[in-house]
*Asks:* 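What follows is a single structure, and I will ask about it in a moment.
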Amino acid sequence: MKKHLIMLLLLAALLLLSACGGSPSADPEYTAPIVVGFSQVGAESDWRNANTRSMQTALSAANGFRLILDDAQQKKERQITALRNFIHQGVDYIVLAPTTEDGWDTVLYEARAAGIPVIIIDRMIYGEGQIGLDENGEPLFTCWIGSDFRTQGDKAVRWMEDTFGDEPLHIVHLQGNYGSSAQIGRTASLDAGLAANPHWTLVARDSGDFTQAKAQEIIGTLLARGVSFNVIFAENDNMAYGAIEALKAAGLTPGVDVHIISFDANQRALEMVLTGEISCNVECNPLHGPRVLEVIMQLERGETPPRYTYVEEGVFTIDGLTQDIIDSRGY
Ligand code: GZL
């Protein structure tokens, strides 16, 4: 008898607890989170990881969000599958960091048909032959936040012209993922620099896929073949790290025997600018989380955010760079 009484008292306590707001749907103060599906390129670089952390910090549960993160491992087809899953789940917003520029039209039409706003970050996408526009000139996305990669490349080339003057340069070019805006823009700048400076020679060009391992392999192979060069144009910091490892393994001193130009300006890379291993580093700022948060809150308020937002970015060399500056940076 006593056992049953205890069971009844326990059951009453549980019912009382659940009536006091145990289940969110019963709580009138409960506000459903804003659900965001985020298709991320991958985790190929320090830049990418900083970008992911920035998004997770901004679109946190504490800020009223449920963030669904999909890592595409640098494969576009996985991103397209992720977007279709987000559409099927009926998320409130889609954020896409596109691997490459082309091939998004169909799935973005599907997102628009589902009434889901799409925010593009970092790299650009193409519509039907236009940058981010469909065949009717209508945007395939609600807004875009990212970098001007051609300007980044031009900053690097200008530094090379100002620094090396008439000195003959023999350049090894480590490219990022073919077809990504970062690779397209940065490569176009170097090509323009090569055309404008006849005393510059392109010794070798290959894709390191923005990864340290592939870059180290490319530089190591060139050195083993006895290829001579005095500049490495690395389209991101992780490839610069790989190049530095390969140079050191061959007994060469980065910044003395070979000058390295890099992109992203991660803290780890800026330490290498201080030591002289990297000669010039062009910033590519990954901290898009707060920018996306602001855009979503504008849309939630019924406001119209700018269609395109370019991020302000600088150039780092050893001149004027201090440990305090490096330590104060967010990535
Ligand atoms: C640039 C970004 C690039 C970085 C790389 O905005 O797309 O991809 O430069 C990253 O580090 O892998």
Side-chain angles (χ1 to χ4, degrees), residues 38-55 69 71-76 78-79 95-102 104 119-126 131-132 144-156 173-190 206-216 218 232-244 260-270 272-273 278 280-289 291-292 308-316 329-331:
F38 175 30
S39 173
Q40 177 59 292
V41 165
E44 75 283 359
S45 65
D46 295 4
W47 187 100
R48 189 62 56 192
N49 296 332
N51 181 245
T52 298
R53 285 195 301 273
S54 175
M55 293 290 290
L69 168 64
D71 173 344
Q73 295 170 6
Q74 290 188 286
K75 292 180 176 58
K76 182 212 290 291
R78 289 182 62 119
Q79 290 201 286
V95 177
L96 169 64
T99 44
T100 53
E101 292 192 344
D102 57 352
W104 300 102
I119 298 164
I120 309 288
I121 62 169
D122 179 23
R123 304 171 184 173
M124 185 56 84
I125 64 165
Y126 272 86
I131 294 183
W144 172 89
I145 302 163
S147 300
D148 181 339
F149 303 105
R150 178 61 195 264
T151 297
Q152 291 176 0
D154 290 347
K155 290 175 184 175
H173 182 195
L174 296 171
Q175 295 180 289
N177 300 88
Y178 287 133
S180 67
S181 306
Q183 177 271 314
I184 292 169
R186 294 165 186 168
T187 293
S189 296
L190 181 57
D206 201 347
S207 175
D209 274 347
F210 288 129
T211 67
Q212 178 171 341
K214 282 196 76 173
Q216 186 168 347
I218 293 166
I232 294 173
F233 190 95
E235 291 187 351
N236 87 324
D237 286 338
N238 292 77
M239 293 195 290
Y241 305 155
I244 288 167
I260 296 174
I261 291 93
S262 185
F263 296 81
D264 287 350
N266 292 300
Q267 284 171 313
R268 182 176 160 203
L270 292 181
M272 297 175 188
V273 173
I278 293 177
C280 174
N281 201 319
V282 178
E283 180 183 11
C284 181
N285 191 295
L287 305 180
H288 293 324
R291 300 168 186 132
V292 171
Y308 299 94
T309 302
Y310 285 92
V311 178
E312 288 296 316
E313 295 163 333
V315 182
F316 292 90
R329 290 178 60 72
Y331 71 99

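Residue indices begin at 1 and follow the sequence shown. Counting starts at 1 for both ligands and their atoms, following the listed order.
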*Asks:* Apply salt bridge (Lys or Arg N to Asp or Glu O under 4.0 Å) to Asp237 and Arg268, showing your working.
*Replies:* CA-CA 9 Å; Asp237 286 338; Arg268 182 176 160 203; over 6 Å; no

*Asks:* With sequence neighbours left out, what residues match Asn285 under side chain to side chain contact (heavy atoms under 4.5 Å, CB included)?
*Replies:*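 Partners of Asn285 by the side chain to side chain contact (heavy atoms under 4.5 Å, CB included) criterion, ordered by chain and then number, come out as Glu283, Leu287, Arg291, Val311, Glu313, Tyr331.
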
*Asks:* Under a 3.5 Å distance rule, please check whether Glu44 uses its side chain to pair with a backbone N or O of Thr211 as donor and acceptor.
*Replies:*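 No, Glu44 side chain to Thr211 backbone: no donor-acceptor pair under 3.5 Å.
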
*Asks:* Would Lys76 and Asp102 pass as an ion pair if we require N to O under 4.0 Å?
*Replies:*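 Salt bridge flag = yes for Asp102 with Lys76.
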
*Asks:* What are the polar N/O contacts of ligand 1 with the protein below 3.5 Å, with distances?
*Replies:*
residue: ligand 1; atom: 6 (O); partner: Asp122; partner atom: OD1; Å: 2.2
residue: ligand 1; atom: 7 (O); partner: Arg48; partner atom: NH2; Å: 3.2
residue: ligand 1; atom: 7 (O); partner: Asp122; partner atom: OD1; Å: 3.2
residue: ligand 1; atom: 7 (O); partner: Asp122; partner atom: OD2; Å: 2.6
residue: ligand 1; atom: 7 (O); partner: Arg123; partner atom: NE; Å: 2.6
residue: ligand 1; atom: 7 (O); partner: Arg123; partner atom: NH2; Å: 3.3
residue: ligand 1; atom: 8 (O); partner: Arg48; partner atom: NH2; Å: 3.1
residue: ligand 1; atom: 8 (O); partner: Arg123; partner atom: NH2; Å: 2.8
residue: ligand 1; atom: 9 (O); partner: Arg186; partner atom: NH1; Å: 2.9
residue: ligand 1; atom: 9 (O); partner: Arg186; partner atom: NH2; Å: 3.3
residue: ligand 1; atom: 9 (O); partner: Asp264; partner atom: OD1; Å: 2.6
residue: ligand 1; atom: 9 (O); partner: Asp264; partner atom: OD2; Å: 3.4
residue: ligand 1; atom: 11 (O); partner: Ser45; partner atom: OG; Å: 3.1
residue: ligand 1; atom: 11 (O); partner: Asn236; partner atom: ND2; Å: 2.9
residue: ligand 1; atom: 11 (O); partner: Asp264; partner atom: OD2; Å: 2.5
residue: ligand 1; atom: 12 (O); partner: Glu44; partner atom: OE2; Å: 2.5
residue: ligand 1; atom: 12 (O); partner: Ser45; partner atom: OG; Å: 2.9

*Asks:* Is the shortest side-chain N to carboxylate O distance from Asp122 to Arg48 below 4.0 Å?
*Replies:* yes

*Asks:* Measure from the side-chain N and O atoms of Ser181 to the backbone N and O of Met124, and report whether any donor-acceptor pair falls under 3.5 Å.
*Replies:*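 A pair under 3.5 Å: yes.
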
